[in-house]
J.: 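Input: one structure, supplied below.
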2 protein chains.
Amino acid sequence: MATTDALTVQEAADTTGWSPRMLRYIERAGLVVPPRSPSGYRLYGAPELQRLRTLRELLGAHDVGLAEIGFALRMRTEAGLARDVDGWLSATATRPDEVPADDWLRFEQAKHMRLLARPEPSPTN
Amino acid sequence: MATTDALTVQEAADTTGWSPRMLRYIERAGLVVPPRSPSGYRLYGAPELQRLRTLRELLGAHDVGLAEIGFALRMRTEAGLARDVDGWLSATATRPDEVPADDWLRFEQAKHMRLLARPEPSPTN
DNA sequence: GGGACCTTAGCACGACCGTGTCAAGGTTCC
DNA sequence: GGAACCTTGACACGGTCGTGCTAAGGTCCC
């Protein structure tokens with residue numbers, strides 16, 4: 001009855017494209033936490049494998065890292081955090097009595113700088 | 001009348017507790033972007049000052065950094081990102097047919113490891 | 001009982017975060 | 001016209017992220 005479909009780290013790594021090291025790291029981040037065998041071996045089942053593959057797609061599709069997804073997870077598990085962050089972002093982003101679509105433009109520009117900087121691929125390094 | 005209440009970086013720094021350097025950094029992150037004088041000077045008005053103070057509280061209250069707030073901002077400005085991330089987090093987080101409140105506990109434990117690691121304040125450093 | 005797996009812990013390393021500081025040049029204003 | 005601001009740009013440095021690798025030890029299974 002198909003209870004045999006639990007892969008070990010190495011096997012899971014092979015079928016998902018992640019390295020065993022990364023699988024453990026991802027677990028640490030709380031993103032994909034497989035159950036364990038009585039002796040402590042990680043047991044990757046179909047759900048985990050699926051999740052690992054979609055995670056891979058997610059990171060590839062957008063410019064995000066594991067830490068960011070981890071933060072998103074925190075946002076939906078720590079109610080206070082979400083409330084405060086969302087509150088801050090909502091409040092006064094641009095004052096309603098001072099937005100002549102000119103400041104707004106400048107704001108857009110600034111925020112479009114891929115998170116922080118990346119002003120020019122300057123050959124400094 | 002009262003249009004004179006635009007502070008310069010240094011003044012804003014003094015009244016908000018941030019350093020001028022940080023004010024520029026925060027602007028770069030798109031979190032607080034003050035308007036500019038014709039000659040390019042940053043003009044911090046009451047709204048910006050308020051925002052800077054609350055930002056400070058926000059960072060102090062929870063264990064988050066500017067990058068994380070910046071990411072939250074991206075989540076609410078880049079629709080595709082939010083959709084995908086939220087989708088991933090919602091999907092299969094723990095399979096509905098496999099959650100005997102035992103795995104759940106283990107899951108809780110994992111996620112409670114403050115984002116990544118911090119396993120023990122081991123006196124390594 | 002021995003080889004092939006697994007576990008955790010640690011070092012290493014480049015890239016970025018959060019900060020400070022310094023340099024070179026423009027503004028303000030007396 | 002000079003002092004005291006401002007601007008951007010850069011170097012620096014400890015900290016974390018993402019990743020690999022190695023070491024010391026348990027487990028599986030033939």
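By convention in this document, chain letters (A, B, ...) are assigned in the order of the sequence lines, proteins followed by strands, and residues within each chain are numbered from 1.
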J.: Can you tell me the distance, in whole Å, between the CZ atom of B:Arg28 and the P atom of C:dT19?
T.: 16 Å
J.: Taking atom C1' of D:dC17 as reference, at what distance in whole Å does atom CD1 of A:Ile26 sit?
T.: 13 Å
J.: Quick one: on DNA chain C, does B:Ser37 or B:Gly65 contact a more 5' nucleotide (nearest heavy atom)?
T.: B:Gly65
J.: Tell me, do B:Met75 and B:Val85 make a side-chain contact under 4.5 Å, heavy atoms counted?
T.: yes
J.: So, for A:Gly30 and A:Leu73, which heavy atoms are closest and what is the spacing to 0.1 Å?
T.: O-CD2, 3.5 Å
J.: Could you give the CD-to-P distance, from A:Glu27 to C:dT7, as a whole number of Å?
T.: 8 Å
J.: Would you say B:Ser39 places a side-chain N or O within less than 4.0 Å of OP1 or OP2 belonging to D:dC6?
T.: no
J.: Can you tell me how far C1' of D:dG18 sits from CG of A:Leu55, to the nearest Å?
T.: 13 Å
J.: Using a cut-off of less than 4.0 Å, is there contact between a side-chain N or O of B:Arg36 and OP1 or OP2 of D:dT8?
T.: yes
J.: Tell me whether the side-chain N/O atoms of A:Ser19 come closer than 4.0 Å to OP1 or OP2 in D:dT19.
T.: no
J.: How do B:Glu11 and A:Leu59 order along DNA chain D: which one's closest nucleotide is nearer the 5' end?
T.: B:Glu11
J.: Between atom CG in B:Leu23 and atom P in C:dT19, what is the gap in whole Å?
T.: 12 Å
J.: Tell me: CD of B:Glu68 to P of C:dC16, nearest whole Å?
T.: 17 Å
J.: Taking the side chain of A:Arg24 as its heavy atoms from C-beta onward, which of C:dC6, D:dC17, C:dT8 lies nearest to it?
T.: C:dT8
J.: Under 4.0 Å from OP1 or OP2 of C:dC6: is there any side-chain N or O of A:Arg42 that close?
T.: no
J.: To the side chain of A:Tyr41, which of D:dT7, D:dG18, D:dG26 is closest?
T.: D:dG26
J.: Could you tell me whether the side chain of B:Leu55 reaches within less than 4.5 Å of the side chain of B:Leu66, counting heavy atoms only?
T.: yes
J.: Select from A:Trp18 and A:Pro38 the residue whose nearest nucleotide in DNA chain D is closer to the 5' end of that strand.
T.: A:Trp18
J.: C:dT27 C1' sits how many Å from B:Leu43 CG, rounded?
T.: 13 Å
J.: Between C:dG18, D:dC17, D:dT7, which nucleotide has the shortest distance from any of its atoms to the side chain of B:Met22?
T.: C:dG18
J.: Tell me, with the steps shown, if A:Leu59 and B:Trp88 meet side-chain contact (heavy atoms from CB on, under 4.5 Å).
T.: CA-CA 11 Å; A:Leu59 297 200; B:Trp88 191 85; over 6 Å; no
J.: Of all heavy-atom pairs between A:Glu48 and A:Pro35, which one has the smallest distance, and what is that distance?
T.: OE2-CD, 3.8 Å
J.: Are OP1 or OP2 of C:dG18 and a side-chain N or O of B:Arg21 less than 4.0 angstrom apart?
T.: no
J.: How many whole angstroms separate atom CD of B:Gln10 from atom P of C:dG20?
T.: 12 Å
J.: Compare every heavy atom of B:Ala6 with every heavy atom of B:Leu43, then report the nearest pair and how far apart it is.
T.: CB-CB, 4.0 Å
J.: Nearest to the B:Tyr25 side chain among C:dT19, D:dC6, D:dC17, which nucleotide is it?
T.: C:dT19
J.: May I ask you to verify if any side-chain N or O of A:Thr8 is less than 4.0 angstrom from the OP1 or OP2 atom of C:dC5?
T.: no
J.: In terms of side-chain heavy atoms of B:Val9, which of D:dT7, D:dC17, D:dT19 is nearest?
T.: D:dT7
